Amino acid sequence: MPELPEVENVRRDLEALVVGRTIDRVEVRLARIVRTPPDPRVFEALLAGHRIQGVGRRGKYLLFEIPPYTLVSHLRMEGQYRLVRAGEPEAPHTHVVFHLDGGEELRYRDVRQFGTMDLVPPGGELPKGLAELGPEPFDPALDHGAFRRRFHHRTAPIKAVLLDQTCIAGLGNIYVDEALFLVGIHPATPAHRLRPAQAEALLAAIRDVLTRAIAAGGSSVRSYVNGYGRHGGFQMALHVYGREGEPCRRCGTAIEKLRVAGRGTHVCPRCQPQPRRSRRAGQRGARV
DNA sequence: CATGGGTCCTGAGTGC
DNA sequence: TGCACTCAGGACCCAT
């Protein structure tokens with residue numbers, strides 16, 4: 001499940017691999033991947049003959065700059081890009097192929113078919129999710145006060161709020177669980193109950209874990225590989241995610257798996273004490 | 001408006 | 001061994 005660190009690694013790889021390359025031809029094999037324009041034949045036709053000038057990222061979105069267009073690509077759960085020589089055997093679940101100059105192909109594969117591509121014309125509307133994205137975690141303008149103001153009125157569990165991309169961009173299930181562990185906050189804690197000091201520590205923890213994960217090449221807990229097809233290394237450093245039943249690296253207590261915000265959620269019951277019960281919220285999270 | 005639940009999809013894992 | 005079933009989850013849609 002590519003989150004910000006994984007998408008950033010893919011971005012860097014693609015930047016090195018495809019910037020400056022011209023798209024000769026595009027093949028969309030699975031129409032559902034391309035959301036806009038609605039006709040995938042139009043998507044193919046518009047991109048042909050244009051040069052990839054840059055690869056950016058915003059939250060979990062990849063932004064291919066292909067003047068005059070921006071190709072917005074979201075990997076969702078299992079989307080992958082690989083640059084290969086034309087004629088190399090094709091991996092199953094390859095849904096979009098960009099034939100580049102020089103006899104190479106940029107192939108998009110996606111087992112779950114959840115990924116999306118939107119081709120934005122000049123002056124065109126950005127896809128909704130991108131347009132409504134919250135600030136980047138590393139945005140210097142996002143100080144702890146601004147961060148807290150984004151959720152201090154919300155009663156939903158802090159985990160649900162952090163997963164909400166309009167609150168802050170780029171976090172997913174892995175790094176939310178990790179950041180909350182690092183600051184000893186239970187994921188079911190209603191967001192508005194966080195003390196200012198806790199919010200400040202949480203923002204610092206988010207930045208810390210994302211920075212280390214990017215440097216380690218991301219986490220390969222499922223199917224993630226970077227633009228070269230290589231796995232990340234940060235899964236070895238995870239404290240709670242995917243460690244149900246294993247001892248907490250800090251206190252030795254067995255990590256527990258709960259359900260919060262409809263998601264599998266990992267906590268150390270000792271390092272992250274349950275929020276006190278209130279009449280409105282709290283104490284959600286039945287054991288799985 | 002905020003919130004939570006259902007939905008999409010396929011392969012891995014589980015239990016009988 | 002084989003099969004039915006559940007689970008994984010990001011973003012989006014919808015009902016409350």
Side-chain angles (χ1 to χ4, degrees), chain A residues 1-8 10 29-36 38 57-63 72-80 91-96 108-118 125-134 137 149-178 180 187-194 210 218-225 235 238 240-245 257-266 275 278-288:
Chain A
M1 49 227 65
E3 305 179 28
L4 190 152
E6 291 76 31
V7 178
E8 176 59 21
V10 172
R29 312 264 180 78
L30 183 65
R32 62 180 305 134
I33 300 293
V34 176
R35 297 192 302 187
T36 51
R57 179 192 59 75
R58 178 82 169 86
K60 302 175 197 171
Y61 293 84
L62 284 168
L63 308 174
V72 179
S73 170
H74 198 302
L75 307 174
R76 294 289 180 94
M77 304 300 299
E78 305 199 10
Q80 302 175 352
H93 309 291
T94 297
H95 303 312
V96 182
Y108 177 77
R109 76 182 281 260
D110 188 344
V111 172
R112 305 278 269 287
Q113 307 180 11
F114 276 9
T116 58
M117 294 186 193
D118 294 272
E125 259 182 54
L126 296 177
K128 191 161 169 287
L130 177 57
E132 295 175 3
L133 217 49
R149 279 194 295 279
R150 299 189 71 80
F151 60 76
H152 75 102
H153 58 289
R154 297 185 58 171
T155 59
I158 184 63
K159 168 152 183 171
V161 167
L162 294 177
L163 287 173
D164 176 357
Q165 301 298 297
T166 69
C167 177
I168 184 168
L171 297 177
N173 212 31
I174 298 174
Y175 298 108
V176 166
D177 281 5
E178 291 299 310
L180 289 171
T189 308
H192 68 103
R193 297 252 223 110
L194 264 65
L210 293 180
S219 301
S220 292
V221 296
R222 213 179 175 74
S223 62
Y224 168 72
V225 292
Q235 63 278 8
L238 296 175
V240 288
Y241 189 87
R243 298 193 66 243
E244 181 183 9
K257 185 169 181 181
L258 325 168
R259 189 155 289 270
V260 177
R263 295 286 175 251
T265 299
H266 309 76
S278 79
R279 217 175 310 187
R280 317 187 42 153
Q283 205 100 336
R284 235 153 272 218
R287 252 171 282 277
V288 170

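Bear in mind that the values here come from a model prediction, so they are computed numbers and not experimental data. Chain naming here is simple, since letters A, B, ... match the order of the sequence lines and numbering starts at 1 in each.
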Heavy-atom closest contact (Gly264(A) atom, Asn173(A) atom, distance) | O-ND2, 2.9 Å
Calculate the interatomic distance between Glu78(A) atom CD and dC7(C) atom C1'; express it in whole Å.
-> 13 Å
Between dT3(B) and Thr155(A), is there an OP1 or OP2 to side-chain N/O distance shorter than 4.0 Å?
-> yes
What's the CD-P distance between Gln80(A) and dT10(B), to the nearest Å?
-> 16 Å
Is any side-chain nitrogen or oxygen of Gln113(A) closer than 4.0 Å to OP1 or OP2 of dC8(B)?
-> no
Which residue lies more 5' along DNA chain B, comparing Arg154(A) with His93(A) via nearest heavy atoms | Arg154(A)
Residue set satisfying ring-ring contact (aromatic ring centres under 6.0 Å, His included) with Tyr61(A), at least two apart, ordered chain then number -> His74(A)
Identify the heavy atoms of Leu162(A) and Ile168(A) that sit nearest to each other, and give their distance.
-> O-CG2, 4.1 Å
Steps toward ring pair (Phe, Tyr, Trp, His ring centres under 6.0 Å) verdict (His266(A), Tyr241(A)) = CA-CA 6 Å; His266(A) 309 76; Tyr241(A) 189 87; 4.7 Å; yes
Close side-chain approach of Leu130(A) to Leu63(A), heavy-atom, < 4.5 Å = yes
Using a 4.0 Å heavy-atom cut-off, write out nucleotides 9-16 of chain C from 5' to 3' as B (base contacted by protein), S (sugar-phosphate only) or - (no contact).
-> BBBS----
Distance below 4.0 Å between His153(A) side-chain N/O and dC1(B) OP1 or OP2 | no
side-chain hydrogen bond (donor to acceptor under 3.5 Å, both in side chains) against Arg263(A), all qualifying residues, sequence neighbours excluded | none
